[in-house]
Amino acid sequence: MPRGADGIVLALKEAGVSTIFGIPSIHNIGLYESLRHEPSIRHIGCRHEAGATHMADGYARASGGLGVIVSSTGPGAGFTVSALQEAWGSCSPVLMITTNIDAAKIGKGLGVLHELEEQTSLFRTITKEVIIPRTGDDLYAAAKRAIALTQAGRPGPVCLEVPTDLMAGDAPAGTPTPPNGTPAPPPLPPRLDEAVAILRKAKQPLILAGTDAARASVSGDLAGDVQALAETLCAPVITNTPGKGVVPEDHALAFGNAARKLVVKDIVPGCDAAVVIGSRLREVDAKRRGLVLPEQLIHVDWDERWISKNYPAALPLVGDIGAITRALRNQLEGEPYTGPRQERTAAWRQQADAEIERLAQERPEIQSLKAIRAVLPRDSALVVDNTQLGYWAEYFYPSYQANGVIGAKGSGLLGFSFPAAIGVKIARPDTPVVGLIGDGGFLYTAQELATCVRHNVGFPLVVVNDDAFGVIGYLQRTAYQEAYQAQLTNPDFLAFASAFGVPATRVQSPAELQSALDRTLASGEMHLIEYQMTIQEPPFGKY
């Protein structure tokens with residue numbers, strides 16, 4: 001007779017899941033027994049639940065599909081919280097399958113192994129939903145619902161919490177099979193014609209594409225519609241960091257990160273209308289850097305949760321962001337604007353290009369990013385952590401496709417980029433991938449080198465080493481004149497990597513970095529590149 005865990009595995013298989021990430025433990029071995037008998041699903045054994053969750057997150061972003069993480073009860077579940085917060089903030093479709101103690105003992109406070117009272121409360125604010133089947137429930141149906149929910153509307157993580165005894169116990173007999181039909185798409189918003197009228201009358205419209213635009217560009221074809229709409233309107237396109245590359249950043253109308261000084265001080269003030277596509281317009285995305293959007297603001301988003309929270313929307317368009325953007329394109333295309341917009345956007349393009357050329361002569365950070373860009377082809381991924389050179393990449397590394405730059409901007413945590421890059425590489429094994437992380441962040445998840453070796457995952461990982469939490473020291477000196485507790489004592493990173501059987505190289509200049517990247521990318525092997533570099537300041541505000 002099938003067991004409860006068999007239903008979960010069947011639901012994963014039917015959803016096309018071919019890879020999951022996790023760690024076996026005393027409470028989830030029932031699920032692992034079912035996985036052992038399903039050869040179509042590859043399990044990536046990880047060394048920490050946070051790392052495993054970041055891998056599932058990176059996998060989801062790169063594939064456009066579902067990332068799956070399996071954890072255990074109590075401590076194992078708790079270790080996923082910070083990483084799920086990142087997936088939640090980055091609208092990443094991650095299914096977190098965790099266990100709980102036996103169903104009859106939940107809430108009794110008996111002191112059961114790994115018992116955590118109100119375990120489900122850990123996940124309620126960082127997932128779309130916590131699905132908690134109990135005795136008599138069909139785990140197959142619960143898993144089908146959880147899988148569908150991760151990608152319904154705005155993508156995001158979902159937690160499926162299953163008591164241990166239900167995993168190992170017999171599946172309920174005679175339960176109905178969930179319907180396989182696809183729900184009808186929501187209707188277009190009724191005020192679409194008003195948005196078209198605003199854009200036709202505007203002297204200079206602007207497009208801002210965000211995190212959800214990137215997600216919809218990987219899983220669908222939103223990027224092409226955004227680019228065509230921009231060309232029709234002759235509208236500059238700006239993004240938050242996750243949106244970089246929705247319109248290739250060597251396109252004449254692509255002006256990169258919305259927090260850049262050029263955008264905040266020159267481009268946006270010259271616009272009288274804006275279309276925001278797939279951005280929640282969170283304070284952290286741009287407002288904290290001084291971005292002031294036009295009053296004629298058309299906000300295209302999945303739901304009303306973020307409408308007018310930080311920027312008043314003159315016209316909200318709520319629904320399927322891909323369908324809405326396509327409708328705007330179809331109604332406006334064929335009447336391309338001619339006039340001073342071309343001259344205006346061309347002047348901004350010249351200004352932006354001149355700034356990059358000047359900074360490339362002055363700033364080793366730009367030279368380092370140019371070295372990385374010179375090695376990576378257009379179809380590639382740079383996975384960056386919240387570290388000094390990563391911040392410079394958010395502003396100045398050109399991305400030529402959605403998810404050309406992948407970062408931990410949902411929560412701003414450390415340690416994301418290495419395991420996320422593992423997930424990206426597993427999802428797209430033929431795509432060149434480079435991970436970029438600081439020395440501080442690397443030691444959050446450095447043990448996943450073992451995962452790379454065991455599962456034969458290879459890409460260059462650049463560890464920028466300044467023996468400090470560099471940006472924290474900068475902020476302390478700026479606010480209080482002195483840094484405190486920002487210095488780090490690091491291991492010999494080359495010896496550390498060697499202990500895992502991973503070759504490593506130490507470089508000290510952009511030219512050496514480029515040479516090392518060129519060599520290691522060609523090898524296809526895992527390789528750690530320690531980049532000894534001190535960065536005095538992030539680009540915030542100044543650039």
Side-chain angles (χ1 to χ4, degrees), residues 21 23 44-52 54-55 58 79 364-365 368 371-372 375 382-390 393 408 413-426 432-473 483 485-535:
F21 304 85
I23 300 175
I44 303 297
C46 308
R47 303 309 294 266
H48 194 278
E49 286 85 354
H54 289 318
M55 290 181 210
F79 285 142
E365 300 88 354
S368 300
I372 298 171
V375 170
L382 177 65
V383 189
V384 300
D385 220 62
N386 288 297
T387 188
Q388 288 274 48
L389 191 56
L413 83 178
L414 296 183
F416 165 85
S417 68
F418 174 35
I422 297 173
V424 171
K425 189 63 180 178
I426 291 172
V433 174
V434 169
L436 175 64
I437 198 165
D439 51 337
F442 176 52
L443 289 184
Y444 277 59
T445 50
Q447 69 276 9
E448 301 300 347
L449 284 170
T451 302
C452 295
V453 172
R454 180 182 179 192
H455 294 285
N456 195 30
V457 180
F459 58 89
L461 175 67
V462 180
V463 179
V464 183
N465 183 11
D466 63 353
D467 293 311
F469 287 124
V471 74
I472 300 302
Q485 294 295 319
Q487 292 302 119
L488 298 174
T489 300
N490 286 322
D492 181 330
F493 286 120
L494 273 60
F496 181 84
S498 179
F500 290 89
V502 173
T505 303
R506 182 174 289 126
V507 299
Q508 295 179 318
S509 70
E512 290 178 352
L513 175 63
Q514 181 171 337
S515 177
L517 283 171
D518 197 28
R519 183 175 65 256
T520 56
L521 269 174
S523 75
E525 297 178 351
M526 191 67 211
H527 198 107
L528 187 148
I529 301 172
E530 179 190 352
Y531 189 17
Q532 292 185 329
M533 180 189 195
T534 298
I535 298 176

Taking CZ in Arg47 as the centre, count heavy atoms belonging to other residues, nucleotides or ligands within less than 6.0 Å. Is the count above 12? no
What distance do [X] atom [atom1] and [Y] atom [atom2] have between them, rounded to the nearest 0.5 Å?
X: Leu528; Y: Phe459; atom1: CG; atom2: CZ; value: 10.0 Å
X: Phe442; Y: Asn490; atom1: CZ; atom2: CG; value: 10.0 Å
X: Leu461; Y: Leu436; atom1: CG; atom2: CG; value: 8.5 Å
X: Arg454; Y: Cys46; atom1: CZ; atom2: SG; value: 9.5 Å
X: Asp466; Y: Thr534; atom1: CG; atom2: OG1; value: 5.0 Å
X: Met526; Y: His455; atom1: CE; atom2: NE2; value: 14.0 Å

Work out which heavy atom in [X] is nearest to a heavy atom in [Y]; give both atom names and the distance.
X: Leu521; Y: Pro432; value: CD2-CB, 4.2 Å
X: Leu382; Y: Ala393; value: CD2-CB, 4.4 Å
X: Val424; Y: Gly58; value: CG2-O, 3.5 Å
X: Leu449; Y: Ala497; value: CD1-CA, 4.2 Å

Is the shortest heavy-atom distance from the side chain of [X] to the side chain of [Y] under 4.5 Å?
X: Tyr531; Y: Ser368; value: yes
X: Glu365; Y: Met533; value: yes
X: Thr451; Y: Phe21; value: no
X: Gln388; Y: Val464; value: no
X: Phe418; Y: Cys452; value: yes
X: Ser515; Y: Val507; value: no
X: Val457; Y: Met55; value: no

Could I get the full list of side-chain contact (heavy atoms from CB on, under 4.5 Å) partners for Asp518, not counting sequence neighbours? Val375
Is there a donor-acceptor contact under 3.5 Å from the side chain of Asn386 to the main chain of Leu414? no
Do the side chain of Asp439 and the main chain of Ala468 share a donor and acceptor less than 3.5 angstrom apart? yes
For Phe79, what residues pass the ring-ring contact (aromatic ring centres under 6.0 Å, His included) criterion, not counting sequence neighbours? His48
